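Notes follow once the structure below has been shown.
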Protein chains: 2
Amino acid sequence: MEEIDRRILALLADDGRMSFTDLAKETGLSVSAVHQRVRRLQKRGIVQGFTARLDHARIGLPLTAFVSIKPIDPAAPDDAPERLAHLTAIEACHSVAGDESYILKVRVGSPNELEDLLQRIRAAANVATRTTVVLSTPWEGRPPRPDGAAADSEP
Amino acid sequence: MEEIDRRILALLADDGRMSFTDLAKETGLSVSAVHQRVRRLQKRGIVQGFTARLDHARIGLPLTAFVSIKPIDPAAPDDAPERLAHLTAIEACHSVAGDESYILKVRVGSPNELEDLLQRIRAAANVATRTTVVLSTPWEGRPPRPDGAAADSEP
DNA sequence: TCTGAAAGACAACTAGC
DNA sequence: GCTAGTTGTCTTTCAGA
């Protein structure tokens, strides 16, 4: 039951364009039943959407870096995410425990663009930055494998 | 020309299940032409695949962390990625410049699972770990917006 | 929550420019 | 590299158990 939902999620994480027909074959359900379950998973927000995995190096964004930021004025209100949201080079923004307050994952076309981006980040959020450049990425975005724990209750 | 490809990539990054019919409407091309272009983008490896975006908190993986690793024996050959690949909790593995050699992004169900994972990482790759726990994620996996630079030449 | 069937929409291929 | 047309498959909805 819940096992089938996890199987559907694994299949869609692996191939987001898999047809309902194929999902039905893989799960042993009818097409309608799979269709219903996927719609329910989307409605519940467990499936948040579908996206294409792109080769960043080949769309003009070959340089990836992690940027840790720390407020210059620790007393100021912490609204860094809102202040940084317009910078589309920032692919992800995580609030973290530890010495710094956020870790940003950024993608740019060149070292020059990275320098420019860092200046914009510092100016927009009034923060100090510490940057770790990615040299290569053995893997990334590997589909999650829910090991043991169960999911949530009903919405 | 190349402009249309970038538009297609942006649309598919935003909705990986968008139909070719809709892609055709959005780009002003015929369905066949869009179909051809997407197939070519996949064949060239610019589109590497499609995936469902899942709510990790609701599939039993509510805890995210970044784990930086450093070899205990700097003279040993660096094969950490191969040694760690079997640990499916590691969603991404980046080789980085800086004090440490890799940054891992991991997702687990609980602090206990994180502790267990860290032990496995240290044992498998003979490394020291430094872990930064994610408290919240304002955003993540935002579609890349190729700003100015152009893509590659032919395969 | 499932099945099965029916309508329409779509994907995939072909030919021709 | 594009358009247009054709065939077979798929998506989506419905009634019913």
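Because the structure is a prediction, the values reported are computed rather than measured. Convention: sequence-line order gives letters A, B, ...; per-chain numbering from 1.
- The CG atom of B:L23 sits 17 Å away from the C1' atom of D:dT3 (whole-angstrom rounding).
- As rounded to whole Å, 18 Å separates atom P of C:dA12 from atom CZ of B:R37.
- In this structure, B:R142 contributes its side chain and A:C93 its backbone to no donor-acceptor pair below 3.5 Å.
- Positionally, the nearest nucleotide of DNA chain D for B:V34 lies more toward the 5' end than for the other of B:V34 and A:M18.
- At least one donor-acceptor pair closer than 3.5 Å links the side chain of B:T51 to the backbone N or O of A:A13.
- Under 3.5 Å, the side chain of A:S32 and the base of D:dT13 form at least one donor-acceptor pair of N or O atoms.
- Residue contacts shown for A:V31 include a base, since a base heavy atom lies under 4.0 Å away.
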field: Verdict with supporting geometry, B:F50 and B:Q42, side chain to side chain contact (heavy atoms under 4.5 Å, CB included)
entry: CA-CA 10 Å; B:F50 298 90; B:Q42 286 187 271; 3.8 Å; yes
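- Following rounding to the nearest Å, A:R39 (CZ) and D:dT13 (P) show an atom-to-atom distance of 5 Å.
- The separation between B:L12 atom CG and C:dA11 atom P is 11 Å, rounded to whole Å.
- Contact annotation for B:S30: base contact, defined as any heavy-atom pair under 4.0 Å involving a base atom.
- At whole-Å resolution of the value, NE2 in A:H35 and C1' in D:dT12 are 5 Å apart.
- Taking atom CG on B:D22 and atom P on D:dT11, their separation rounds to 15 Å, with Å as the unit.
- Residues A:L29 and A:R17 each lie close to DNA chain C; by heavy-atom proximity, the contact nearer the 5' end of the strand is made by A:L29.
- Geometrically, B:R17 engages A:F20 in a cation-pi contact, judged by NZ or CZ lying under 6.0 Å from the ring centre and within 45° of the ring axis.
- Atom CD in A:Q36 sits about 14 Å away from atom P in D:dA15, given to the nearest Å.
- Regarding A:F20, its CZ atom lies at a distance of 17 Å from the P atom of C:dA9, rounded to whole Å.
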